[in-house]
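Every chain is numbered from 1, with letters handed out A, B, ... down the list of sequences.
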Amino acid sequence: MPHIRILDEMMANRIAAGEVVERPASVVKELVENSLDAGASRIEVVLEEGGAKLIRVTDDGCGMDAEDAVLALQRFATSKVAVPEDLGQIATMGFRGEAMPSIASVSQMRITTRRHDADEGTMITIEGGEFTDARTVGCPPGTTVEVGQLFYNTPARRKYLRTTATERGHCTDWIAWLALARPDVAMKVSHDGAVLLASPGRGDLRAVISEIYGSNVARQMLPVDMDTGVLRIHGLVSRPELSRTTRRTQVFIVNGRYVRSSSLGHAVGEAYGILLPGGRQPLCVLHLEVPSELVDPNVHPTKIEVRFRNQGEIHNLMQQAVEEALEEAGLRPGRSFERRPGLPPEQAGRWKGPGFEEQTRARRLRLNPFFAAVDERDDGLEVHAAEPVIEAAFERGSQPERETTLVAEDRLEALGQVAATYIACRAGSDLLLVDQHRAAERVIADQIAGRDGGVQRQMLVLPMTLELTGAELAAVEEHRERLNEMGFQLEPFGGSDYICRSVPAALVDGSPEAALRSIIEELAEWGTVGNDEVREKLVATIACHAAIKSGQALTDREVHELIEALNASPTPAICPHGDPIIVTVERGELDRRFGRTPVTGAR
Amino acid sequence: MLNLSCPQEQLHVSVQTVSHGVSGRSTQPVQNNIYLESTSSGMRLVATDLEFISLEANIPATVRDQGAVTVPARLLTEVIGSLAGEEISLEADDHSTLRVTTARSSFRIRGMSAADFEMLPPIGDAARLEIPQRDMHSILSRTVFATSRDETRPILTGALFKIASGGIDVVATDTYRLALSNLTVDTTLEDGRSAIISERALNEVLRIIAADSDEPVGMVLSDSQVEFQVGAVKVGSRLIEGQFPNYEKVIPDDCDRSVTVDRAEFTNTLRRMLIVAREDSNRVVLRGSEGTLSITADSQDVGHAEEQIPAKLEGPEPEIAFNARYLLDALGALSHDEIVMQLSQPLSPGILKPADADDYTYVIMPMQIM
């Protein structure tokens, strides 16, 4: 095992400080990650009373000698980072070195450890951070850490523990994520004597999923594997028939570490597109292997959030990887026609209709500055582009008609409103139905996001006062700058109150206060997320609140204005939340339904 | 059983007026109807959403039998409106069906039992004052437009009436601007009263009073309700409960520069600028310099518009951006030849008021580009 060193103060400061130990689950996470770092192939976790009474983690890893074990408990001792340069290449999980001393200071801890090459082991007992005993013992190789009576000396923290069931749930969530992250390590967890989970450790992800979500789920998962040479995405995604209402069952693992990322979740959702009804989310367990210099996990002490150097690129590659998996399974129409080499450009790139697929792709092309560099293998729209850097073409606007807006014959022509919710349109010989709320969201989001020089804001005669909960306060403090950029000028107003002095001008005819409250609630719920994502979400939420609602009757003029504005949008088919705006009923479909033989010449 | 006859014209006007009290959104179907009653002296028509609007009209009629019925408002309005200039006879039967007959025509309108129709409770212990219609029109027309449409902040969907012995303040704000109109009048009220009155009721009052009439508007105010009496029509409403924001605090007193312009000229200029500005949140930029006020509008998608008008400037040269629509709202409510804007920093509130009167203050918040 690498030797443990004490980080100097500068190093300690460079690593974001913060509370590591929140609840038993955070202890479980830290200890199991330490075991993984120690090269364990089997890890056993024993919990009592939701972990509040006892957490015992036993591994068969490399173990420590007495000196290392003591050092491990000093603050900022870590064997993984020595100098600032190293921070760029963090490859192990528990690099912060804060965890063990923090845990030791709020519990009764006992560490029993033996190196594989040593004859005898060491047992150290610490109470509330004070060493009470250290002795030589006989024990199997590896390390056992027992954490008893968590928060026994900090009654305030202990009071905040939830019920045994809740805490147990959080612990098993973490072990499940870690097991999914490392299918090669056998993990077993038991609670009050009952085995909750036991992963086989054969390196078979499907087997781990079967253990956690059941064999029925495991059977319905499709393999994903994409390797660009620089980056690899692999794992399993669910068939569309298997979906959930939340993204909780979407697990992303970046370089072996479980992360949360609504960007990646969004990418997966986009790949399914209309295969899933609105509001449904696929299940997935996806591993990303990226060069560690492209990832900055040093964002928050609990390290759940990752930040990618080029979030947009990763998003698009993730979407592409999942799309390919779905195509492979025959669930998503392939683009074999468009992919055929040697096709004249005007045919290869020309849209067959303002369909979802093509526009999703156009959007990806447009949004992804790295696209040309990383993706040469898949793609209809790309074939016709002789220039290697497609983005440049878009920037110069040399082919804007074809790529980024609807071609003339595919422009929507409004026919009328249906059920005060949809707008019936015609494009070429197809019938299209447009969701009016989503269409308006798209138009407004384009305006907000596309405006040079920032968002217009309207100052308020009477500032709004916001009373915030703890989580909301944290979210507002963290994202105040982004909120300000979007037009909400927030200032602390004592205690947990904030006042808001301005609102986005787009919202003045709506309910800006309601919009801001829902934004803050969402931010609080997401926890830590990247700035770009926050910005994207804010635009979507503002657009949602400013947009005309479903069920709102529109005049003919309003209908036409909306459809004209949608025609001008670069991404008329997808609303800012990622849901489809347009449903197309092709001429052929109409003919079929009427039992009419297709007319010659009709497509 | 209701049985009466009355001239078509008067009935038509009353039905039209009262039908505004129907919200159409009531969960009790009967509340979407107009209530018709024959009394000993004539006919009474009522429509109410039981909350912020209640409209009642009383008209003379030849009553043959007393009783009441309710019928769908729109249907009744259309039927009565179609029977031009004749004496109309209304007769209800046991099944709440209303027969509408003239010498030639006969309609049967299916209604609902009047027994289920609810009304606002009679206004209880109340203060009463009278104001000439022209004065009421002036204070309402300059303020009510500034009430908020945002139903998540109910207090701001009404205007505050602050009544003291020497006068009345009416205040409305949607948080982007605040309109304050003051009327000096002996209210004969010894202790002051405040009430927040729904924009719905106030707009109905505005609709039925005349801007140039000296006839009085009666205003009856209890702790929970208000009733305006205009001739034979009564407009009632529950008061909006809650604390209206402290409006005096938001009126700036540190404006160090002023711009005086011709109201009509400024209005026409802003309307032209709005053609461009409306594509980008209605934003116009005002810059004052050497006897002119320049007004510009920019929109990324549309283009640019600019115009200069003569102005009297005092103090440092102003530069500020406003929502043109908010300026036009106030300009349209005023009739004075000249208006003055008192301004300070680009992000500080400005005031718009008549150049030669002190009875109106319009506080308007600027816009800013981030």
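Atom OG of S281(B) sits about 13.5 Å away from atom CZ of R457(A), to the nearest 0.5 Å. Interatomic distance, CZ of R153(B) versus CG of L462(A), reported as 7.0 Å (0.5 Å rounding). Atom-to-atom distance recorded for Q489(A):CD and L347(B):CG is 7.5 Å, nearest 0.5 angstrom.
For P366(B), the parts sitting under 4.5 Å from any heavy atom of chain A are the backbone and the side chain alike. Proximity to chain A (any heavy atom under 4.5 Å) is shown, for I364(B), by neither the backbone nor the side chain. The parts of T175(B) that come within reach of chain A are both its backbone and its side chain, each placing non-hydrogen atoms under 4.5 angstrom from that chain. For P512(A), the parts sitting under 4.5 Å from any heavy atom of chain B are the backbone and the side chain alike.
Open room surrounds CG on D358(B); 12 or fewer heavy atoms of other groups in view lie less than 6.0 Å from it. The environment of CD in E467(A) is sparse: at most 12 heavy-atom neighbours from other residues, nucleotides or ligands sit within 6.0 Å. Counting non-hydrogen atoms of neighbouring residues, nucleotides and ligands closer than 6.0 angstrom, the CZ atom of R74(B) reaches no more than 12 such neighbours. Counting heavy atoms of neighbouring residues, nucleotides and ligands inside a 6.0 Å radius, atom CD of E481(A) does not exceed 12 of them.
Residues L460(A) and Y176(B) form a side-chain contact, since some pair of their non-hydrogen atoms from C-beta on lies under 4.5 Å apart.
Taking each heavy atom of Q458(A) and N323(B) in turn, the nearest pair found is OE1-CB, 4.1 Å. Nearest heavy atoms, Q456(A) versus M367(B): OE1-CE, 3.9 Å.
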